[in-house]
Amino acid sequence: MESEPISQKPSFFPSKFSISLKFPCQNLAIIVFFLCFSPFFFQKEASPANKGREILFPEEFHLAEQVVLVLGKPGETVGKLYLFELVLGHWETKIENIPVWFGRSGLISSNLKREGDGFTPLGFFPIKRILGKGKRSIRNLEYTQISKNHHWNDDSNSKHYNQLVNRKEKGAHSLWSSEIYELFLVIEHNTNPRIAGMGSMLFLHPWNETKPTSGCIGIQKKSLDQIISALDGNKNPFLIVAEEIDL
């Protein structure tokens, strides 16, 4: 395949970190994305909550052609969301500067996340599942229409810990009774494998408040609708939650 030139500078991205290079195949385009945004993913000094942390780079991430990037500063509970898509070999900004709210404790490395600590985990998460209360057509992604029987278990001692269940049981919370579950995207933290106490029920969900969540990422419903409508499972979308660095 003939090499394609890449030159993409999202509107918010500092010019000194823009990059132009050639790559031999489409799969390597994600490397261009990662190189462009690496200043946001690595810090010279980690924040106190993430001291000594490592960013895990999933092997399948190189196949991604859509990236939802959520950025937040250490110690803060508000951030911004962006959606990028690979179009004809170029990374394009589709959505930008959407306000989001994190857990009351801020951001923390995924491996340090614990049940009930109020942190939102950092990391790379494949976008696989969306749930909602209404009928909806989702392009090539798993969609579950919630009924009154649907619950999510956050009991660390349960064999169904951090799983969707279709009945009421100990430690299971109803997804029908709250408006924040009207439509949500599952953040695939501690879902495969599931480790007791490492965190559960982490979603990108509607949030009409101007205060932190319990650990999820909250976003205005109209913005969430826009993002979900743009996602395509055939593009192997990923969610990246990263700490923003002042440059």
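Bear in mind the structure is a predicted one, so any value in this text is a computation, not a measurement. Reckoned from all heavy atoms, side chains included, excluding hydrogens, waters and symmetry mates.
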Does the side chain of Y82 come under 3.5 Å of the side chain of N97 through a donor N or O and an acceptor N or O?
yes
Answer yes if I130 and V186 sit in the same cluster of Ile, Leu, Val, Met, Phe, Trp and Tyr residues linked by side chain heavy atoms under 4.5 Å apart, and no otherwise.
no
More than 12 foreign heavy atoms under 6.0 Å from CD of E76: is that the case here?
yes
Does I180 reach the side chain of T213, with side-chain heavy atoms less than 4.5 Å apart?
no
Using the side-chain hydrogen bond (donor to acceptor under 3.5 Å, both in side chains) rule, take T191 and E188 through it: C-alpha gap first, then chi angles, then the decisive distance, then the call.
CA-CA 6 Å; T191 57; E188 300 291 346; 2.8 Å; yes
Nearest non-hydrogen partners of L239 and I127, listed with the distance
N-CG1, 3.7 Å
Polar side-chain atom of H150 near backbone of S147 as donor-acceptor pair, under 3.5 Å
yes
Test item: E85 and Q66 side chains (from C-beta on) under 4.5 Å apart, heavy atoms:
yes
Close side-chain approach of N157 to K170, heavy-atom, < 4.5 Å:
no
Any donor-acceptor pair under 3.5 Å linking the side chain of T120 with the backbone of G215?
yes
Test your reading of the model: is there a side-chain donor-acceptor pair from K113 to the backbone of I108, 3.5 Å cut-off?
no
Quick one: CG on L83 to CD1 on I95, what's the gap to the nearest 0.5 Å?
4.5 Å
Given 3.5 Å as the limit, does a donor-acceptor pair link the side chain of T144 with the main chain of L131, or not?
no
Return a table of donor-acceptor pairs under 3.5 angstrom between the side chains of residues 198-206 and protein atoms on other chains or two or more places apart.
| unit_1 | atom_1 | unit_2 | atom_2 | d |
| --- | --- | --- | --- | --- |
| S200 | OG | E115 | OE1 | 2.9 |
| S200 | OG | E115 | OE2 | 3.1 |

Are I146 and I228 in one and the same hydrophobic cluster, where Ile, Leu, Val, Met, Phe, Trp and Tyr link if side-chain heavy atoms are under 4.5 Å apart?
no
Give the intermediate values and the outcome of salt bridge (Lys or Arg N to Asp or Glu O under 4.0 Å) for residues E96 and K80.
CA-CA 8 Å; E96 59 183 333; K80 296 287 187 180; over 6 Å; no
Set of residues satisfying ring-ring contact (aromatic ring centres under 6.0 Å, His included) with respect to F102, sequence neighbours excluded
none
Do V68 and L185 come within less than 4.5 Å of each other through their side chains, counting heavy atoms only?
no
Can you give me the closest heavy-atom contact between S110 and P121, atom names plus distance?
OG-CB, 3.8 Å
Pair L231, I138 - check side chain to side chain contact (heavy atoms under 4.5 Å, CB included), show working.
CA-CA 8 Å; L231 291 175; I138 304 291; over 6 Å; no
What distance do L81 atom CG and I240 atom CD1 have between them, rounded to the nearest 0.5 Å?
11.0 Å
Linking I/L/V/M/F/W/Y whenever any side-chain heavy atoms sit under 4.5 Å apart, do V78 and W207 land together?
yes
ILVMFWY network linking L141 to L175, side-chain heavy atoms under 4.5 angstrom:
no
Please tell me if the side chains of R136 and Q145 come closer than 4.5 Å, counting only heavy atoms from C-beta onward.
no
If we ignore hydrogens and angles and just use 3.5 Å, is the side chain of N149 paired with the main-chain N or O of N166 as donor and acceptor?
no
Does the side chain of I219 come within less than 4.5 Å of I227's, by heavy atoms?
yes
Kindly compute the distance separating CG (L224) from CD (E182), expressed to the nearest 0.5 Å.
9.5 Å
Distance col, row L63:CG vs N234:CG, nearest 0.5 angstrom, shows 12.0 Å
Relative to W176, does K133 satisfy both conditions: NZ or CZ under 6.0 angstrom from the six-membered ring centre, and within 45 degrees of the ring's axis?
yes
For the pair D232 and N140, evaluate side-chain hydrogen bond (donor to acceptor under 3.5 Å, both in side chains) and give the outcome as yes or no after the intermediate values.
CA-CA 6 Å; D232 184 348; N140 307 303; 2.7 Å; yes
same_hphob_cluster(F184, V70) at 4.5 Å side-chain heavy-atom cutoff
no
Heavy-atom donor-acceptor pair, R139 side chain to A230 backbone, under 3.5 Å:
yes
Counterpart residues, salt bridge (Lys or Arg N to Asp or Glu O under 4.0 Å), relative to E169 (two or more places apart)
R167
Smallest heavy-atom separation, Y161 atom then R194 atom, equals O-NH1, 2.8 Å
Give, for atom NZ of K221 and atom CG of N208, the distance between the pair rounded to the nearest 0.5 Å.
10.0 Å
Closest approach of K211 and W101, non-hydrogen atoms and distance?
O-CD1, 3.6 Å
I need the L107 CG to L71 CG distance, nearest 0.5 Å.
9.5 Å
Please report the shortest heavy-atom distance between T93 and F84, naming the atom on each side.
OG1-CE2, 3.3 Å
Taking all heavy atoms of K148 and all of H151, pick out the closest pair and write down the distance.
O-CE1, 3.9 Å
Expected output: side-chain S105 to main-chain D117 donor-acceptor under 3.5 Å:
yes
Check: W152 and N162 side chains under 4.5 Å, non-hydrogen atoms
yes
